[in-house]
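We name chains A, B, ... by the order of the sequence lines, and we start the count at 1 in each one.
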Amino acid sequence: MNPLPLNLLPPGADYAAVMPLLWAFAAAVLVLIAEMFWPYRSRRGVGWLTIAALLAIAVLGRAPSEAVYFGPIALDGFSGWCNGLLCLVAALSVLMSLDTLEVNGVTRGEYYPLLLFAVAGGMVMAAATDLVVMFLGLETMSMAVYVLAGMGKARRRSNEASLKYFLLGAFASAFMLYGIALLYSQAGSTDLAAMAGLAGEGGTSAVTRLGAALLLVGFGFKIAAVPFHLWAPDVYEGAPSPVTAFMATVVKAAAFAALLRSVLLAMPWVAGELQTPLWVAAAATMTVGNLAALRQRSLKRMLAFSSVAHTGYLAMAVVAGTSEAAAALLFYLAAYAAMNLGAFAVMMLLADRGRPAENISDLAGLGRARPLAALAMTVCMLSLTGIPPLGGFVAKVSLFGAVLDAGFYTLVVVAVLNSVLSAAYYLGVIRAMYFDDADSVAAGGASAASRVLPSRPALTVSILLAALAVVLIGLSPSPLLGSSLRALASVAGF
Amino acid sequence: MVSAESWLRWIPLLPLLGAVLHVAVGYRVGRRATGVLACSVVGVSFLLALRAFSALVSAPEGAVLADDVYRWIAVAGFNIDVRLVLDSLSVVMCLVITGVGFLIHVYSTGYMAHDDDYARFFAYLNLFTSAMLVLVMADNLVLMFVGWEGVGLCSYLLIGFWYTDTAKASAGKKAFVVNRVGDAAFVLGTFLLFWALAPGASELGASDLGASSLRFADINAAAPGLSPGLVTAAALLLFVGATGKSAQIPLFVWLPDAMAGPTPVSALIHAATMVTAGVYMVARLNGLFEAAPAAMTVIAWVGAITALMAATVGVVQNDIKKVLAYSTVSQLGYMFMALGVGAFGAAVFHVMTHAFFKGLLFLGAGSVIHALHEEQDIREMGGLRAKTPVTWATFAVATLAIAGVPGLAGFFSKDAILAATFAGGHYGLWLIGLAGAALTAFYMTRLLRLVFFDSFRGDRERGEQAHESPRSMTIPLIVLAVLSVAGGYLGVPHALGGHDALGSFLAPSVSSAAHAGHALQLSMAVEWLLMLVSTTVVLGSMGFAWKLYAAGPDADVVVRGALGRAWQWMASAWRVDEAYERLLVRPIGRGAGFLWKSVDLGLIDRFADGVAMTAGVLAETWRRWNSGSVQHYALSLLAGALALVAAVLLGGGG
């Protein structure tokens, strides 16, 4: 059983539980080495290798029918589901970056291994049943993403984004770590199983609540919840577009997965004890995100604020604290990843060497120039607004419904009003594509869409894949909804 | 006896695929490729329909081909499947839709050759064919409604095909709006049946089937067991839907305006196929309608009166397409009269022959219009026989067929309807039908003579340039002319020594158990007598019109004098449009104007603008919050954390 001479393993440890993580880190190292020896000219081969690795991990990371544990690492339905989501979404984001890395100023090959390290960190976050291990995963992911954000080495804004994200991230991590320490002081352990017991007869102690609050500050930073969201627009805008797409989908999903397992499920008392601050934060996040997105001329910045707004919707699940809301959250993450990646991919389609096309006006005339891409963008925008029969609609219906069932009527009203507000800027994108003239004054003389765009087959395929996923999730949501319910049911104790 | 045939789905799918391809690549490939694609998808659908037909002919009586595509709706025991079914009734419709449809597609490649929007036209035409096939192949009311709405949409798109012409665009809109009225009734009828057939509805006077379904077979089987009031209400609601789609009183007003569309569209949609959807629906639900005798009476009388009224209007029209449009309304009236007296087979027979000869008449009219560079006024025509010989010959065949001259298709099908009406003891209806037939013979003879005989009356230059249409247009004319003769021999009555092959083929699909007993029982002598009477009337009427219009359009003055005040009514289509305008359109317009100016602009917009302005101001504020300074951000983070800590600590332990 144990080939090591030293018995460092906790009793009952099963290697099967860590295998997906080991594969993920091994893949990252492998790609790192491969990248060094790969001929410079055909470096997109490394990208294909990365995609292959991610798809393989998605398969290898599936959960066995019976959950297995390796100390504070669990491979249960939940982590299996998250492994699949993180790897598939990451694979799609790699696919869309194959053609666009250089255009976006990324000339270094470390992009791919760093991305794999980030995914591996995210998988640790989803699998951790201990706060310290979860934190390790979070930091692994964050370190990789700090560097990724600065991959556009020759661009000032990329450097600025990286530094800002790093400084503020370190600040937020300190809060989180302090929160974990306070919780440890009360529970005598950092194991999640011990956290549920913190709510005694007369509720929780003030120190416990303080610990949970500081933990939530750390999470609030990672998911970009108000008032910890200020970094998001600047970093999203400054980072190279493929990295932004990755951050807005994979990083966000990993943070929510960890939040789900370690707070929503392991500390059910949080929803009750911290209800008012959480409620206010969720409502403020969606409102601030949507209002700020309303006035953006930059598509990238608009998508950043839109991402903040969606964090607000997702945070409602934490307020509600029910398992239905948690399942809806998982479903929402998947649908959101598809529609958001599609939107970013269309934006990347327009960028040309040395001429980033990141404004909404650059889309003018896209409806004529690239009808298929414009259609895909329309699908994504309508889905982000929440129009049936697309994925975003089903996601909103199930999430809002679950929150409604938990009794938070006012919060749902706020969310619905916010959705109406969001239509203004999402539909603005569609208007720009179809109704604005590519050569009009509003488009600044000549929009990017009016230029002859280089052919980018991988990007085109990923746009179509994303749009297709949005439509399929909307038309036939039952498999994904069912799987997210099963994923939750598998978490021990729920 | 139901055999599963998974290839049936390709019959509607192929034209749909064609439509998608036209949209996707139509503007890149040439006209030729577009035309070939459009025709071939419909052609292959026709071959598939033929295959189904031959399978059904060789199968035992009452056989059904079915294709379960997928389960569309499944809610608590209530299931709606996307299930395509071909039995003898729907296969006949399919053959007509794809067969006549194919010819009209071929014709259109010539007719639309110079149009800028070639691909868009064929995209709509293919889409229409697909929707129409879904309509007739559906095995339940809900799926039928999908096709029903689909053809309505295509009809709207094609009537307003030349949308830059405001009059044409509004004609499309009118068709759409009038059809909405009928469709609303169709939906209500569907809901009523859903409720009546739902499990647990029995205490409300409905039958309990255990599981709800809106399949035609189930509705027909359950109808006799439901309360008569409910069945009558459902049947009447569905019939109102039929009056919309099939242009019957009171919803016929859109069809004459629909002639604004390109002529092949008038032939395919507004003569041969879509407008017969209402007839098909009633025949499909024969069990339901048989169980509602009151509704049947209404249908018969509405049909008869429509047939007569529209025929009178046809007499005084001067636009070649308008004459044919009112003629279509009139012929559809005959079909409904047949349905109303329970002669479902005769109605479907007439649907088929009408598709042949009316399709041909419209295509012929199109050929004439094409030859004269968009001239549609028959007073400006004449003598085209020599210039357009093929058009003339085929148009003449169709005229004889629709008038009911013995030996041609229209004679057999119209005679079947009149005989069935007489046999059922509905002598009043029979008389109306006969009068309608006389008028039909009259206006068609007038049309034929004014267009093709005597000398050309219009602009001389136009007359000299008149030419026969290209072969892509004349060949469909010839094929349809052959069918307008031969089609009738599918239903030669027993009195003439025939076997009524079509009637017995259709019988299993259109005679419910209750109806099986009373097939028409006319003695040979009476049937001969009826034929003699109608033939005499038709020939007399034709002769009269022929002599009268030897004088050219001036003979209209004679007609006008003879009719007196009635002429005014006929010329204004019995003032139905005017009545709608006064009673509905203007009051609604006034109400809408109030809502728009006072409520919407005054109240709602001001409120909405206020909200938008507030949002804008707030947005600007939040945007400023993002100053870009990292110290500032860190401060915000700290402040947030402190606020949270304060909330937690001050909030106290719960």
Which bit of [X] comes within less than 4.5 Å of chain B, counting heavy atoms only: side chain, backbone, both or neither?
| X | answer |
| --- | --- |
| A:Leu210 | both |
| A:Leu294 | side chain |
| A:Leu278 | neither |

Residue pairs fulfilling side-chain hydrogen bond (donor to acceptor under 3.5 Å, both in side chains) with at least one residue in residues 158-170 of chain A, sequence neighbours excluded =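 Residue pairs passing side-chain hydrogen bond (donor to acceptor under 3.5 Å, both in side chains), neighbours aside: A:Glu160-A:Lys164, A:Lys164-A:Asp234.
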Between chain A and each of B:Ala643, B:Ala612, B:Ala24, B:Gly616, count heavy-atom pairs under 4.5 Å; write down the option with the most.
-> B:Gly616
Verify the neighbour count for atom [atom1] of [X]: are there more than 12 heavy atoms of other residues, nucleotides or ligands below 6.0 Å?
| X | atom1 | answer |
| --- | --- | --- |
| B:Trp10 | CH2 | no |
| A:Tyr178 | OH | no |
| A:Arg368 | CZ | no |
| A:Tyr146 | OH | yes |

For A:Pro277 and B:Leu644, the nearest pair of non-hydrogen atoms, with its separation, is CB-CD1, 3.4 Å
For residues B:Leu637 and A:Leu168, report the shortest heavy-atom separation together with the two atoms involved.
->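 The pair with the smallest heavy-atom distance is CD1-O, 4.1 Å.
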Got a second to check how far B:Thr614's OG1 is from A:Leu291's CG, nearest 0.5 Å?
-> 10.0 Å
Go through A:Phe171 and B:Leu638 one step at a time and tell me if the side chain to side chain contact (heavy atoms under 4.5 Å, CB included) criterion holds.
-> CA-CA 9 Å; A:Phe171 195 32; B:Leu638 182 66; 4.3 Å; yes
Report all side-chain donor-acceptor pairs from residues 214-229 of chain A shorter than 3.5 Å, counting only partners two or more places apart or in another chain.
| residue | atom | partner | partner atom | Å |
| --- | --- | --- | --- | --- |
| A:Lys222 | NZ | A:Ser142 | OG | 2.9 |

